[in-house]
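Being a predicted model, the structure only gives us computed values, none of them experimental. For the numbers below, each heavy atom of this structure counts, side chains included, while hydrogens, waters and symmetry mates do not. To find a chain, count down the sequence lines: A is the first, B the second, and so on, and within it residues start at 1.
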2 protein chains.
Amino acid sequence: MNITEVARRAGVSRSTVSYALSGNRPVSDTTRARIQSVIDELGYRPNASARALANGRTRSLGLVFPPASSHYTDMQLEFIGSVAEAAAAAEHDVLLSASGDGDRALSRLVEERRVDGVIMMEIRLHDERVDYLLDAGFPFVTIGRIADPERTRWVDLDHSALTAACVRQLAGLGHRTIAFVNRSERLVRAGYESAHRGLDGFECAAQEHGVVTRAYRCDDDAAAGEALIERILAEQPRTTAIVTVNEAALGGLYRGLAKAGLSVPRDFSITGIAASRWAEAVTPQLTAADVPAHRMGLLAVDLLLELIENPDSPPRHVLLDQPVSLRASAGAAPAR
Amino acid sequence: MNITEVARRAGVSRSTVSYALSGNRPVSDTTRARIQSVIDELGYRPNASARALANGRTRSLGLVFPPASSHYTDMQLEFIGSVAEAAAAAEHDVLLSASGDGDRALSRLVEERRVDGVIMMEIRLHDERVDYLLDAGFPFVTIGRIADPERTRWVDLDHSALTAACVRQLAGLGHRTIAFVNRSERLVRAGYESAHRGLDGFECAAQEHGVVTRAYRCDDDAAAGEALIERILAEQPRTTAIVTVNEAALGGLYRGLAKAGLSVPRDFSITGIAASRWAEAVTPQLTAADVPAHRMGLLAVDLLLELIENPDSPPRHVLLDQPVSLRASAGAAPAR
DNA sequence: GCTCCTGTTCGAACCGGTTCGACTTCATGA
DNA sequence: TCATGAAGTCGAACCGGTTCGAACAGGAGC
């Protein structure tokens, strides 16, 4: 059941079938109807590889995400889902590529022309994958932005604005010593964008409000969070609040506080940036800026498709702000 | 930089280049070396679409997962990641397809020959997608098994054995009234396999141990879990323990118990099946069978690749058991 | 010296689509 | 009446690989 068979049964040439399907040239109504009835009868569907070969468009998008060695976060899952959904709505597929530094997987996608464009997650301030794609002239959109963001297309959450908002809120509640719980050592070292900008926003706002701060890095799991609380309280006992961007450690942070005999939010406040799922799972629920992963996925696909359609269009990007959802984990600083 | 260009520069025919690359026919060492040096110089990579068209193998696998309307679980994320990883190791790509009941997306993958085979998640006991693929004679592996599992290939966690183990453990601790927290109404209604087999295992074991039970369904979020606890305690006040297969509601269940003034595990025990990430995030940590999502992903890819290589091989499947990780949420039944 | 075999290479056909140029037909306007 | 053009269709070339059959060379065996 290929196009030749359809043409034969409809008594027309292969090109006429093609034109009837694509609409790229006029086909008479009667011919079109005859072709359509053959197609319906046979259940014909054009072969994707052949079509891609002929017109140079695969109609799939690459989604490059970090390999399993690093822990996944809920934000990533939601993001992947929304990208798949948005792509499907535009009749595109999504090709997953778990590609780390060894960018074999990425170059496979690009150089073998498996996809028309790429969405990249877990961007670093200086990211060789971005340089590679720019060099190759291959269409791409990043989630997160590199240090010099003007030449590229991206969707990003304004992490520094959000952590700053958290500090501002805590300062307003009277907190004077606040700790920052960042992502893992490995990610920070690698130059992971959101970790750095989140920290920047935190420190700037803290300085502005005359708050004493200390920043910590924390592995992406509950055990690390629990251990970190102990360390924070030992190193800076006057700490009365935390701003966290590490949602995977959240449950551990809460447990650590409980173990230390601190009740949230009476004795200790905690805020940050997290997927709403995690923010709502902990008790008391976390006052935090929710990561709009779903919206970011849709936007990334939009931007990429636009770029693929029109390769010469100027760089575009979207910087998302996000209100802090007031839940129950931040309160007035305890009297001391 | 296509194969013609490589052939021209190496002074050989296109077929010789092809044979040098594939090894499907002998090529002299000197010729091979000449070709290789041209390839290195040009950075040539064969075009994936052309290759797929010529030899009928796309070297990609489809991964069909539920659409975003239903909530994603951590198990799914880990699974997706490990599938991508295993596929990459075998030089295959993974094509995501968020396909619900309207199986447009699935038939696109299959009929347009975008993939060589399909892995399907969220299997139902009676699943029309399975019937469709069987009819089409298309290679596939399911995560979870249909009611009549002998004809198909699958990887499944033995949910009934696991929930039974949870009941057995709780019964041994003296609990006499135990509630079961299942997945959402929608999923159960749809015939979602793990929900049904989990419930079966729970009820059989309960009967065996003379335990009073009641089964509830719960939406996949914290708020639903919190509300459910209230309902359970109202409808069956003698309940002293819960078995849950709903990891997304877990945080809410804990919160509900705390709100009711019940301390875990002193006043109330809770066990179940959950991704270890969630089990470890709650306080006290959940005694539960961990979902081996990573292993399941690898196995699914193995099974599928084997089937693609050898389409006539007999159905194979893997039923995974999993020990219950003893953490801190289950204890002796309170004296009454 | 001649045949046969093996190793190596080439040309052509093919996979299943898309697209370009050219050829009919037929209606329109001068 | 005849040029003009638009609508509709066809054949051929092309996208970039793979694979089959045949050709050719050189060495072994007779």
Checklist entry - Is there side-chain contact between B:Trp154 and B:Leu319, with at least one heavy-atom pair below 4.5 Å? => result yes
Item to check | Distance in angstrom units between A:Arg57 CZ and C:dG16 P, rounded | outcome: 23 Å
Checklist entry - What's the closest nucleotide to the A:Arg14 side chain, out of D:dG16, C:dG17, C:dT8? => result C:dG17
Next on the checklist: Nearest to the side chain of A:Ser15, heavy atoms from C-beta on, is which of C:dC20, C:dG11, C:dC15?
Outcome noted: C:dC20
Next on the checklist: Just by distance, no angles: are the side chains of A:Ser28 and A:Thr31 close enough, under 3.5 Å, to form a donor-acceptor pair?
Outcome noted: yes
Item to check | Student check: side-chain heavy atoms of B:Ile80 and A:Leu77 closer than 4.5 Å | outcome: yes
Item to check | Any side-chain donor near an acceptor of the partner, A:Ser107 and B:Arg45, under 3.5 Å | outcome: yes
Checklist entry - Tell me: CD of B:Glu5 to C1' of D:dC14, nearest whole Å? => result 17 Å
Checklist entry - B:Asn47 side chain N/O closer than 4.0 Å to the phosphate oxygens (OP1, OP2) of D:dG16? => result no
Checklist outcome for this item: Among the nucleotides C:dG17, C:dC20, D:dT9, whichever has the atom closest to the side chain of A:Asn2 is C:dG17
Next on the checklist: Distance check needed: C:dG11 C1' versus B:Ile3 CD1, whole Å only.
Outcome noted: 14 Å
Next on the checklist: It should be established whether B:Asn24 places a side-chain nitrogen or oxygen under 4.0 Å from OP1 or OP2 of nucleotide D:dT18.
Outcome noted: no
Item to check | Distance, rounded to the nearest Å, where B:Arg114 contributes CZ and C:dG17 contributes C1' | outcome: 13 Å
Next on the checklist: Apply salt bridge (Lys or Arg N to Asp or Glu O under 4.0 Å) to residues A:Arg145 and A:Glu150 and explain how you reach the verdict.
Outcome noted: CA-CA 9 Å; A:Arg145 57 201 200 275; A:Glu150 287 312 314; over 6 Å; no
Checklist entry - Does a nitrogen or oxygen in the side chain of B:Tyr19 sit under 4.0 Å from OP1 or OP2 of D:dC20? => result no
Next on the checklist: I want to check one thing: is the phosphate of D:dT9, taken as OP1 and OP2, less than 4.0 Å away from some side-chain N or O of A:Arg25?
Outcome noted: no
Checklist entry - Base, sugar-phosphate alone, or nothing: which one does A:Pro46 contact when heavy atoms must sit under 4.0 Å apart? => result sugar-phosphate
Checklist entry - Counting side-chain heavy atoms from CB outward, which of C:dG16, C:dG17, D:dG17 is closest to A:Leu53? => result C:dG16
Item to check | Presence of A:Ser18 side-chain N/O under 4.0 Å of C:dG17 phosphate oxygens OP1/OP2 | outcome: no
Item to check | Whole angstrom value for the distance that separates P of C:dG16 from CD of B:Glu111 | outcome: 16 Å
Checklist entry - Taking NZ, NE, NH1 and NH2 as the nitrogens, is one of them in A:Glu306 or A:Arg153 under 4.0 Å from a carboxylate oxygen of the other? => result yes
Checklist outcome for this item: Per the under-4.0 Å heavy-atom filter, residues of residues 28-37 of chain A near DNA chain C come out as none
Item to check | Atom pair distance, as rounded to whole Å: CZ in A:Arg51 and P in C:dC15 | outcome: 19 Å
Checklist outcome for this item: From the list B:Leu63, B:Leu133, B:Val141, side chain to side chain contact (heavy atoms under 4.5 Å, CB included) with B:Met120 holds only for B:Leu133
